[in-house]
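The chains referred to below are lettered A, B, ... by the order of the sequence lines, with proteins before strands, and numbering in each begins at 1. If you're wondering where the values come from, they're calculated on a predicted model, not measured in any experiment.
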2 protein chains.
Amino acid sequence: MSTISPLRDFVADFTRLYDRGLSPAAIQANGANLLRRLVRHDDWLPEPFTRPNPARYSQYLLHCDPLERFSVVSFVWGAGQETPLHDHRVWGLIGMLRGRESETQFARDPDGTFHAIETTFLEPGQVASLTPGVNDYHLVANALPDRTSISIHVYGDNIGGVSRATYDVATGTEKTFISGYSSDEVPNLWDRSRRAEAA
Amino acid sequence: MSTISPLRDFVADFTRLYDRGLSPAAIQANGANLLRRLVRHDDWLPEPFTRPNPARYSQYLLHCDPLERFSVVSFVWGAGQETPLHDHRVWGLIGMLRGRESETQFARDPDGTFHAIETTFLEPGQVASLTPGVNDYHLVANALPDRTSISIHVYGDNIGGVSRATYDVATGTEKTFISGYSSDEVPNLWDRSRRAEAA
Ligand SMILES: [Fe+3]
Ligand SMILES: [Fe+3]
Ligand SMILES: [Mg+2]
């Protein structure tokens with residue numbers, strides 16, 4: 001049976017990392033372990049947050065910390081969909097849940113243009129990291145030509161409020177954007193009545 | 001224009017009360033002021049969380065603290081709907097948003113039966129308090145025979161996981177229950193892209 005409890009536990013455990021007074025780097029490292037555990041099984045994401053949109057990839061908010069210290073987002077890639085080259089400006093984690101994703105990292109040259117460094121393929125259960133100043137420029141795509149892929153992203157802020165940029169790969173031309181979210185609702189993680197009744 | 005930001009600000013301000021190391025009584029008192037400000041205007045509750053259900057009153061979760069220290073619930077009363085007599089076992093706040101609600105408080109006699117103490121009518125903008133050991137037994141009803149009423153409840157726990165009881169008024173017979181929630185989704189408070197773009 002599908003159940004929301006792995007996501008509820010992930011959110012509670014991630015929140016508690018902040019109570020321990022860890023550095024951002026330590027939160028990201030510990031958080032990567034929590035995310036690896038979350039994406040080990042693909043049986044907890046509610047169906048409304050798995051739906052591809054034919055027009056563009058979807059970014060469904062699953063949880064935002066009420067103090068906006070971190071956010072958890074379901075990225076749903078329809079067949080052939082990809083992001084433009086973009087940055088984040090806050091730390092990020094990508095946990096692969098379903099399908100296959102390609103991530104191409106870029107470096108910026110002194111003249112403002114970009115060159116690709118390497119492309120990695122993420123398989124279900126794998127986790128990748130992004131860190132400003134280290135590897136903050138990438139282009140992400142569904143690596144499957146005919147199926148939906150889904151990855152769970154965690155960011156060190158409310159990513160739906162961060163002003164950041166997309167870039168034209170060839171010219172380096174920068175365009176400011178705030179990504180927002182694809183849905184006006186998030187999953188209710190907190191109904192414990194059914195499990196309690198079943199127990 | 002309707003906007004979610006009053007609810008977002010309420011959630012953030014309420015969360016910060018816990019960082020100040022206040023007692024539960026002080027959190028409830030400060031929280032009552034925050035709730036009074038929230039229900040001063042009825043222009044922020046998203047429509048899916050205002051819908052009456054002909055079968056019974058609805059309890060839509062609007063926010064649960066990720067450490068389950070408090071929860072915020074929209075109670076939607078269809079015409080003529082009411083609760084059974086019940087308790088809470090955690091502190092509570094009721095902020096009237098729309099329509100009119102009647103709240104009848106009860107005291108329990110040594111023989112386990114109940115008697116009504118008083119009935120109060122809540123009007124939009126008003127806030128009432130519940131405190132275990134002081135006034136934890138009540139029966140709440142829509143005071144309007146032909147219209148929906150809505151109140152915003154805050155509890156000092158995830159009320160969707162608290163084991164508590166309903167009572168037969170005449171005999172005092174107790175029935176354990178966990179109230180749960182009427183919806184599998186909660187409002188997304190965190191999309192700041194639209195406001196930012198408008199600014
Ligand atoms: Fe990215
Ligand atoms: Fe009640
Ligand atoms: Mg921030």
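In terms of heavy-atom pairs under 4.5 Å with chain B, the best-connected choice from A:Phe49, A:Phe177, A:Phe14 is A:Phe49. Of the residues considered (B:Val11, B:Leu189, B:Leu61), B:Leu61 shows the highest number of contacts with chain A, using heavy-atom pairs under 4.5 Å.
The line from CZ of A:Arg56 to OG of A:Ser182 is 6.5 Å long, rounded to the nearest 0.5 Å. For the atom pair B:Arg69 CZ and B:Asn158 CG, the distance stands at 13.0 Å (nearest 0.5 Å). The OH atom of B:Tyr167 sits 4.5 Å away from atom OH of B:Tyr137, with the distance rounded to the nearest 0.5 Å. Put simply, CG on A:Asn135 and CD on A:Glu118 are 9.5 Å apart, with the number rounded to the nearest 0.5 Å. We find the CD1-SG distance between B:Ile159 and B:Cys64 to be 10.5 Å, quoted to the nearest 0.5 Å.
Residues of residues 16-42 of chain A placed with any heavy atom under 4.5 Å of a heavy atom in chain B are listed by number as A:Arg16, A:Asp19. Heavy-atom proximity under 4.5 angstrom to chain A picks out nothing from residues 70-101 of chain B.
Across all their heavy atoms, A:Ile4 and A:Pro46 have their closest contact at CD1-CG, 3.5 Å. Contact record, A:Arg8 with A:Asp191: NH1-O, 4.1 Å, taken as the closest heavy-atom pair.
Two residues are said to be in side-chain contact when any heavy atoms from C-beta on lie closer than 4.5 Å; B:His63 and B:Leu7 fail this criterion.
For A:Asp168 (side chain) and A:Thr173 (main-chain N/O), no donor-acceptor pair under 3.5 Å exists by modelled atom type. The backbone N or O of B:Gly172 sits less than 3.5 Å from a side-chain atom of B:Arg108, completing a donor-acceptor pair. Looking at B:Asp109, its side chain never comes within 3.5 Å of a backbone N or O of B:Asp111 through a donor-acceptor pair.
Looking at B:Ser183, only its backbone comes within 4.5 Å of chain A, counting heavy atoms on both sides. For chain A, the nearby parts of B:Asp184 are the backbone and the side chain; heavy atoms of each come within less than 4.5 Å.
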